Amino acid sequence: MTEEFKHYTVMKNEAVDGLNPRDGLVYLDGTLGGGGHSELLAQKILPDGKIISFDIDDDAINFAKKRLAPYKNVTIVKRGYQDFEEVLSELEIEKITGGMLLDLGASYYQLTSKARGFSFLSDAKLDMRFDKSADFSAYDLINSYSEEELADVFYYYGEERYSRRLSRNIAQARKLKNIETTFELCEIIKKSLPYKNSRTNPATRIFQAIRIEVNGELKNVENTLKKVVPFLEKGARIVVITFHSLEDRIVKKIFKELSTELSLPEGGVREGVLKLVNKKPILPTDEEIRENPPSRSAKLRIAQKV
Ligand SMILES: C[S@@+](CC[C@H](N)C(=O)[O-])C[C@H]1O[C@@H](n2cnc3c(N)ncnc32)[C@H](O)[C@@H]1O
């Protein structure tokens with residue numbers, strides 16, 4: 001890591017208090033990042049509470065390891081949070097007695113680091129992998145997906161109306177030579193999408209879409225929320241912070257499904273297995289948004305195992 005690791009923890013108190021931290025219980029922080037949530041949680045569950053903190057980014061792990069060194073109750077693992085079952089089994093933990101936190105998306109460091117290729121504001125090799133050892137990057141996506149597959153990524157994950165026009169222009173451009181850098185891609189986006197009258201740069205949505213696909217972000221959150229519930233002890237909580245509507249829609253839908261009674265095909269009903277702790281998402285305060293403007297799109301939802 002050559003650049004300084006910086007990240008502003010979003011809704012730190014709200015998220016950690018949302019987990020209802022108690023000494024002696026086991027918590028998972030699925031998205032360690034700079035370790036801001038893990039640190040506060042670790043302080044609140046001393047001396048016998050435990051946290052297993054997951055990340056797949058070596059830069060985040062190296063930074064957080066130093067920050068969290070004083071807390072002997074935190075175990076950091078370089079694993080995807082979607083692999084929590086294997087990690088629990090390796091650590092011989094049967095139940096998540098406290099809860100699980102997911103603070104989704106990329107960290108400030110990842111988004112602004114020139115070397116990582118997440119930002120359309122700096123010229124870098126197309127990359128966008130959270131895990132630098134993963135074998136599929138934004139470069140592979142842009143240069144190997146078919147025109148139709150690209151259009152689907154831009155349409156579904158970027159909600160881009162002109163997805164076909166953009167994917168056609170990418171397919172045309174890469175016939176001459178592979179598209180290597182963020183700025184080469186930006187040039188094609190600029191030619192393909194109407195920039196006038198747009199409040200945000202259209203490249204924002206396209207880069208978001210590529211990042212989601214490269215890292216399997218939506219699949220990971222959906223699968224994890226569906227399979228984690230049986231591992232939660234009664235009273236344990238799930239706290240999720242999302243940063244765009246695609247993520248929030250998934251969390252809202254799964255929490256709703258799991259908190260409502262379900263008629264079973266074989267007859268009878270399954271009671272709700274979760275209870276919504278807050279009906280409406282919690283939003284950052286005006287003060288937090290002033291201090292850290294990217295937090296403005298955050299939404300926090302909490303559910304509890306019944
Ligand atoms: C928004 S940051 C978390 C910031 C952290 N809560 C803090 O306060 O410092 C999200 C982190 O999740 C990590 N991440 C993304 N997908 C992941 C996955 N499937 N498994 C584990 N970590 C993941 C990213 O690498 C990034 O470091």
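Since we're looking at a predicted model, the values are computed, not measured. We count ligands from 1, going down the list as the structure has it; atoms in each ligand are counted the same way.
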Region of [X] engaging ligand 1 - heavy atom pairs below 4.0 Å:
X: F130; answer: side chain
X: N220; answer: side chain
X: V10; answer: neither

Contact between [X] and ligand 1, counting heavy atoms under 4.0 Å?
X: N215; value: no
X: E217; value: no
X: D83; value: no
X: K12; value: no

Where do R301 and K279 land on the side-chain contact (heavy atoms from CB on, under 4.5 Å) test, with the steps shown first? CA-CA 8 Å; R301 292 185 187 271; K279 296 267 179 298; over 6 Å; no
Single hit among K78, Q110, K132 for side-chain hydrogen bond (donor to acceptor under 3.5 Å, both in side chains) with D57: Q110
In terms of the angle between their ring planes, are Y109 and F5 parallel, tilted or perpendicular, with boundaries placed at 30° and 60°?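 It falls in the parallel class, under 30°.
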Do me a favour and list the nearest non-hydrogen protein atom to atom 9 (O) of ligand 1 with residue, atom name and distance? G34 N, 2.9 Å
Pairs where residues 76-100 contributes a residue and the test ring pair (Phe, Tyr, Trp, His ring centres under 6.0 Å) is met, not counting sequence neighbours: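 For residues 76-100, and leaving out neighbouring residues, the ring pair (Phe, Tyr, Trp, His ring centres under 6.0 Å) pairs sorted by first residue read F84-F231.
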Enclosure of K227 NZ (heavy-atom neighbours >12, cutoff 6.0 Å):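 Correct, the count exceeds 12.
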Atom CD of E266: over 12 foreign heavy atoms under 6.0 Å: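 Yes, enclosed.
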So for ligand 1, is [X] a polar contact partner (N or O within less than 3.5 Å, distance only)?
X: A106; value: no
X: L104; value: no
X: H37; value: yes
X: G36; value: yes

Could you work out, for [atom], the closest of [options] by heavy-atom distance?
atom: atom 5 (C) of ligand 1; options: D29, L32, D58; answer: L32
atom: atom 26 (C) of ligand 1; options: D55, D57, L40; answer: D55
atom: atom 10 (C) of ligand 1; options: G105, P294, S107; answer: G105

Side-chain donor-acceptor pair present, Q43, Y71, cut-off under 3.5 Å: yes
Electrostatic pair K226:E257 at N-O distance under 4.0 angstrom: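 Salt bridge between K226 and E257, a charged N being under 4.0 Å from a carboxylate O: no.
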Does E233 have any salt bridge (charged side-chain N to carboxylate O under 4.0 Å, His left out) partners at least two apart in sequence or in another chain, and if so, which?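 Partners of E233 under the salt bridge (charged side-chain N to carboxylate O under 4.0 Å, His left out) test: none.
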Any D17 side-chain heavy atom under 4.5 Å of K44 side chain: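 Yes, close enough: below the 4.5 Å cut-off.
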